[in-house]
Amino acid sequence: MLIESLGGDVMGTIPLGDIVLYLNPLHIFLFVTILVFTALIAMSRTETQVEAMFGSLDENKVAVGKKEFKHRRFLAIICGIATAGAMITGDLFNFTLFMALIGIVNIGIVSAVKQVEVLNSAYQYGLIAMMCGLPLFGGAAMILAATGTLSLFELAAIPASPMMIFGALVMLIGVCGESGIAPFFASKAEMFRTPGSPFILIIHLSSLFIIVRFVEILLTIL
Amino acid sequence: MVASIIPQFVPAFYSSMYSTALYGGLIVAFIGLMGIAMEKRDIQVLILTDIVGLAMLIVVAAVGTDLSEALILPGLVVELAEIMAISEILISREMRKKDVDTSFAPMPLNIDMEIMTTAPNFIALLLIGYGVFLSGFTGGAVAGGGIVIYVLSRKVRGLPIVVLDGVGAISGISWCLWIIGFLFFFILPQYWLLSLFLAALGLLLKVASKIGLIGIMMREEYGRK
């Protein structure tokens, strides 16, 4: 499919040798939105979970310590910036690297929590993310082998060959695993059950944005 | 690989190796996944997961062009970062289970190996010398490994360690050397040999001092106890 018909008119290209960056309204919209969310998260304070105790009128507050709060805020900002980079990049391999960075940072955000179940699910998610590194990078490498380029701008002009379609499907599996969506959701859903709401939310938000962008990439190159 | 995009001077033997290497990578990954499916202990699963990561490197390396070579390094770094993050999670989970009060980033290392007391200085010297001979990124990593072994061995034997405060500055300045060398490639191509050596030695110093920094940070971690 042509690049112009998906994300609006191409506003311009930035040719840097093999990597040709291009800008269109969809990418700029996604880029600015995620940056705004990141700024909001950077400014906000964390929530405190209040659990009612059974059999009495007491309540149990689960708060986040200051050191842990700073650590999480830093990683949440990194996650937001990596997502923004994945939104605007014009290179397939840079997209996979941003994706992998988001996966690592997602593990890092929950790495300092006190609940054993959350750590357990973060461990399971980490294993899935690491295994899905194979289809993610392997799919990008297959597309490189089939076409000789990784620039989305040039890939859009090349008609899809069976090898390219196979590579793109393999890469789809990789993106699903790394961002923890549908078939791999079970491990990631448990990771949210911890206090510290705005920072935990970036885990969810980044995978939503990544999926939108990856569907656009798939439609562009195939 | 599509025949039309392969240059004519590439021998047919090499270009025919692509599918073999691809299948090889996928078989390695399959073996790793079988192991993960059968294994129940968490630490073993983590180690077996690394096999799948190595299979990813095989699949990327199978393409065999300059571009794929440039992709292997970030792929390797991502793989290492992920395995470090997950092992950190595993350590902190086990410590929470035992209800031990841990530091923010737990580091339960107890290095008591024979290699640390027999001939560490010689090994360190050999690694640094070989690293300088190699130059570039690989050489930096090898030389930095030598520095780490030296620092660790002195710590294990209980000897005082010379504190070098300027290591971070060396890293920064040599990073500038690398960038200057890189710029020279583009603006003054006739001095390519000079820029090559600037880049290679700058990168050597940078990576070596960076890995040396890890050694110093470890020492501070010990000193805190």
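A note on names: the letters A, B, ... follow the listed sequences, proteins ahead of strands, and every chain is numbered from 1. Computation of the quantities below employed the complete heavy-atom set of this structure, encompassing side-chain atoms and omitting hydrogens, waters and symmetry-equivalent molecules.
- Across all non-hydrogen atoms, the minimal contact from A:Phe93 to B:Pro74 is CE2-CG, 4.2 Å.
- B:Ala81 approaches A:Ile104 most closely through the heavy-atom pair CB-CD1, 3.6 Å.
- Residue A:Ala140 does not touch chain B at all, counting heavy-atom pairs closer than 4.5 Å.
- Contact between A:Leu119 and B:Ile89 at its shortest, heavy atoms only, is O-CG2, 3.5 Å.
- Note that the CG atom of B:Leu90 and the CG atom of A:Leu127 stand 8.5 Å from one another [nearest 0.5 Å].
- Considering only heavy-atom pairs separated by less than 4.5 Å from chain B, the leading option among A:Ala122, A:Ala129, A:Pro135, A:Gly103 is A:Ala129.
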Check your understanding: Run the side chain to side chain contact (heavy atoms under 4.5 Å, CB included) check on B:Leu22 and A:Met142 step by step: do they pass?
Key -> CA-CA 9 Å; B:Leu22 185 64; A:Met142 277 176 207; 3.7 Å; yes
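- Annotation for A:Phe166: atom CZ does not count as buried by contact number, only 12 or fewer foreign heavy atoms lying within 6.0 Å.
- Distance check: B:Ile86 CD1 to A:Gln124 CD gives 10.5 Å after rounding to the nearest 0.5 Å.
- At a 4.5 Å heavy-atom cutoff, the contact between B:Leu33 and chain A is made by side-chain atoms alone.
- Within the 4.5 angstrom heavy-atom criterion, atoms from both the backbone and the side chain of B:Ile83 approach chain A.
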Check your understanding: After noting the C-alpha distance and the side-chain angles of A:Tyr123 and B:Val45, does the key distance pass the side chain to side chain contact (heavy atoms under 4.5 Å, CB included) rule?
Key -> CA-CA 11 Å; A:Tyr123 171 74; B:Val45 169; 4.0 Å; yes
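- Pairing each heavy atom of B:Val63 with each of A:Ala141, the nearest pair is CG2-O, 3.5 Å.
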**Study point:** Intermediate values then yes/no, side chain to side chain contact (heavy atoms under 4.5 Å, CB included), A:Met130 and B:Val52
**Key:** CA-CA 8 Å; A:Met130 220 168 136; B:Val52 184; over 6 Å; no
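- In this structure, CZ on A:Phe137 lies 12.0 Å from CD1 on B:Ile72, to the nearest 0.5 angstrom.
- Residue B:Ile51 does not touch chain A at all, counting heavy-atom pairs closer than 4.5 Å.
- Considering CE of B:Met56 and CG of A:Leu136, their distance stands at 8.0 Å, rounded to 0.5 Å.
- Interatomic distance, CG of A:Leu134 versus OG1 of B:Thr49, reported as 12.0 Å (0.5 Å rounding).
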**Study point:** side chain to side chain contact (heavy atoms under 4.5 Å, CB included) between A:Leu144 and B:Leu71, worked out
**Key:** CA-CA 11 Å; A:Leu144 170 65; B:Leu71 305 183; 4.0 Å; yes
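- When every heavy atom of B:Val59 is checked against every heavy atom of A:Gly138, the shortest pair comes out as CG1-CA, 3.6 Å.
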